[in-house]
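Per chain, numbering begins at 1; letters A, B, ... match sequence-line order.
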Amino acid sequence: MEGGANTKERGPKAPPPLLLNFRRWYNDLGAGTWRDPFLAWGVPVMSEKPKTPPTTPHDVAADMSQGGRQTLAALLKHATTSLGATRGFLALVDHETGELVIEFTEGEGWTEENRKRRLRIGQQEGRGITAYVAASGKPYRTGNVSKDPYYLPFFDDVVSELAVPLLDSFGRVLGVINLESDKENAFGECEEHLLQAIGSQAALTICMADHQMRERAIIELGNEMALTADAEALMQKVVETAANILRAEDCSVFLLDQTGSKLVLVASRGPLANLVGIASYPVGEGLTGWTAAEGRPIRTADPRQDPRWRGLHSEFPPDEIGALMSVPIKSPSGLLGVLRVVRRKRAARYFHHEFTDADEDLLVTLANQIGVALEISRLMERLVQSERMAAWGEMSARSAHMIGNKVFAIKGYVNELEYVLRNSNVNIPQLPQILDGLKRNVFSVEEILLEFRDFLKATHLQLGPVNINEVILRSLREGVPKDSGLQVVADLAEDLPIIQGDAEKLDRCFTELIENAAKAQPNGGMLKVSTRLASNEEIARMKCRGSGPVIRVEFADAGPGVPVQDKKRIFDPFFTTRSKGMGLGLSIVKGIVEAHRGVIVEDGEPGAGARFVILLPASSEVSCHQ
Amino acid sequence: MSRVLVVDDEEEVREAVKRRLEREGYEVVAAGSHAEAREILRKARPTFDVVVTDMVMESPDSGAQVLQDAVAQDIFTEVIILTAYGNVADAVECMKRGAFDYVEKNIPGVDVYDLLAIKVGQAMERRRTSLSTIRRLEALGMYGREKT
């Protein structure tokens, strides 16, 4: 599990989250489908999303719509009248400032001015009973306020006071319902219990709205993902939504770069926004890097206590961080990056900054959605790319065919020219040389066309049963140049399984390797060709998937070998260290091997000779080619 | 006089092959498609001695169809497939169906025109031999005249 003093372990399944985003909640409640606070599971229409960070209830109250007000106002009125209070109010916590803001009032005497009063949450005496209740999370009543140490006068005629906190399922204070009476000892234990019951109803409705809001955000994101192929726009939307729902100051997405060893910031809503594309973590470093390395979420309330903390790219100075949570973004093809949210420490000491199990669940869900969306976006790109390549290949094939026809015609004219000149009296000494040059170059063009055609057709297989050893023997017979001085050793295992393949293409493939060995050792040398079944270790190391026998073919020579800096590129098309040739040979070899679901690597010792190892699956259950 | 039918959808190819074979003294007729060739073969009196045809024209196996149409008219017509990009499977198939030979247009280093001239000559020879065997059989009464 994660280490660190303040990081959270997963407890037993937690009840639904009761975090607040007041503005959104009120907007949603007011959309009209809210009938009964306890039965309204309908999904109100989402009004426009605020772009600013989570706002205070004060702003929310200004935005509040009818349905929401009605519900809470009704609860307050019910409480006030049935418990015989002269006055009451319902205040909600403003986490930014650590104050209570009065949202609803009942009874006489309320003015613009006193409604606006804010109560600093705290447990000190003389700061108000409501403030005390909000800070302690416990109900409080007094029969005579003049004798009460916490009382802070609002009105002159108050004698008894009763206040209960509105608590979420984690015991965190959402607000307070406060009742006053002008009679002494107006509220007893019974009244306290009753008000608590009403208070919990109010708290429950707040929770439900928050829950619905989260649900809706996820659904909306899900819909967006189905419609948007633009991964960037999606990332931006995700970070904003996550930050809003989780009431975090910042949400950032880091994605793995090409090398797979670095996480780069691609989207952020918060202080890191202008570091997009710049800020990065090596995988494994920092909490973010650790998340990527281990593929597991981290939650912490005090990052400095965590030994993995690096503080590389911090949204705020470490002592201002209230809570941090990062989860891996996974996709079917592996880890893609990290999704991270950070809360700033609020002025209120009584605010619970930490992220809950439910918050983590939510963020993981969002991360999974991102993972899928990114995967789809990348697959789409690859699809478009491969379609483009296919079209390109088609066009090239056609051009090559047309060129081939014209070359054939040119050969016809050259043949005719030779004939005519032979049978005429023309005796120009340069003529034989010119004709030779003509023929030589036309043949060169033909060679290029042939190689090009082989490259394009490398993957078009005509399948049939193939005996690898037989193909190799044929390639050796026909491919080893007669006067090369090449000493050939063939070590071919018996009883190799028959594979499904294109014998002609494999012949072409092996011939290319044989010719390369001959060209690398112009003054004679050695070529050893061997075949056997591949071992399980080899199959795993070369990343062949599936089960079934795999044949291993090796071509080893004693030439100069492949220099270290070229090893990565020798299979690339048009890579050649020779002055002649287009450099398609090895890319054709690779194309043919991979079309047979196999894999080829070169692992010879530079300076001691080249060694090509090919794995070819015998059955269709196996694939070595991703 | 020996007659050759050349079939290819590229005009330049038809021209070049016709010119080379006429140099050898053959009478050469050219067709630009399998459909055209089929018509010409149907109406040909006498039938062609040798047919030199491309493989891919209207369809990927137009050449094989020309082969079929040619031998349908005259079993002893020799057909040579002259193709741009050959492959072993096609070659085997054509030989099985009775082609005289299968030649690639672009084998580097080989003068395909001279090669073609030689092949057509060999094809002519084989046809002559086959026809003379038939005549001897007829003379001996072993091969019904009405069948020709």
Checking heavy atoms, do the side chain of B:L82, its backbone, both or neither come under 4.5 Å from chain A?
side chain

With a 4.5 angstrom heavy-atom cut-off, which part of A:K406 approaches chain B: side chain, backbone, both or neither?
side chain

A:E504, part contacting chain B, at a heavy-atom distance under 4.5 Å:
side chain

Just how far is it from atom [atom1] of [X] to atom [atom2] of [Y], taken to the nearest 0.5 Å?
X	Y	atom1	atom2	result
A:N405	B:D54	CG	CG	7.5 Å
A:F408	B:D8	CZ	CG	7.5 Å
A:E446	B:I107	CD	CD1	8.5 Å
B:D114	A:E418	CG	CD	7.5 Å

Atom [atom1] of residue position [X] - does it have more than 12 heavy atoms of other residues, nucleotides or ligands inside 6.0 Å?
X	atom1	result
A:E394	CD	no
A:Q487	CD	no
A:Q433	CD	no
A:F443	CZ	yes
A:E387	CD	yes
B:E22	CD	yes

Looking only at non-hydrogen atoms, find the nearest pair between [X] and [Y] and report the distance.
X	Y	answer
B:A89	A:Q462	CB-OE1, 3.9 Å
A:A409	B:E12	CB-CB, 3.7 Å
A:G412	B:A16	CA-CB, 4.4 Å
A:K411	B:V110	NZ-O, 4.4 Å

Regarding A:N415 and B:R23, do their side chains bring together a donor and an acceptor under 3.5 Å, going by distance alone?
yes

In the structure I gave you, are the side-chain heavy atoms of A:V414 and B:Y113 within less than 4.5 Å of one another anywhere?
no

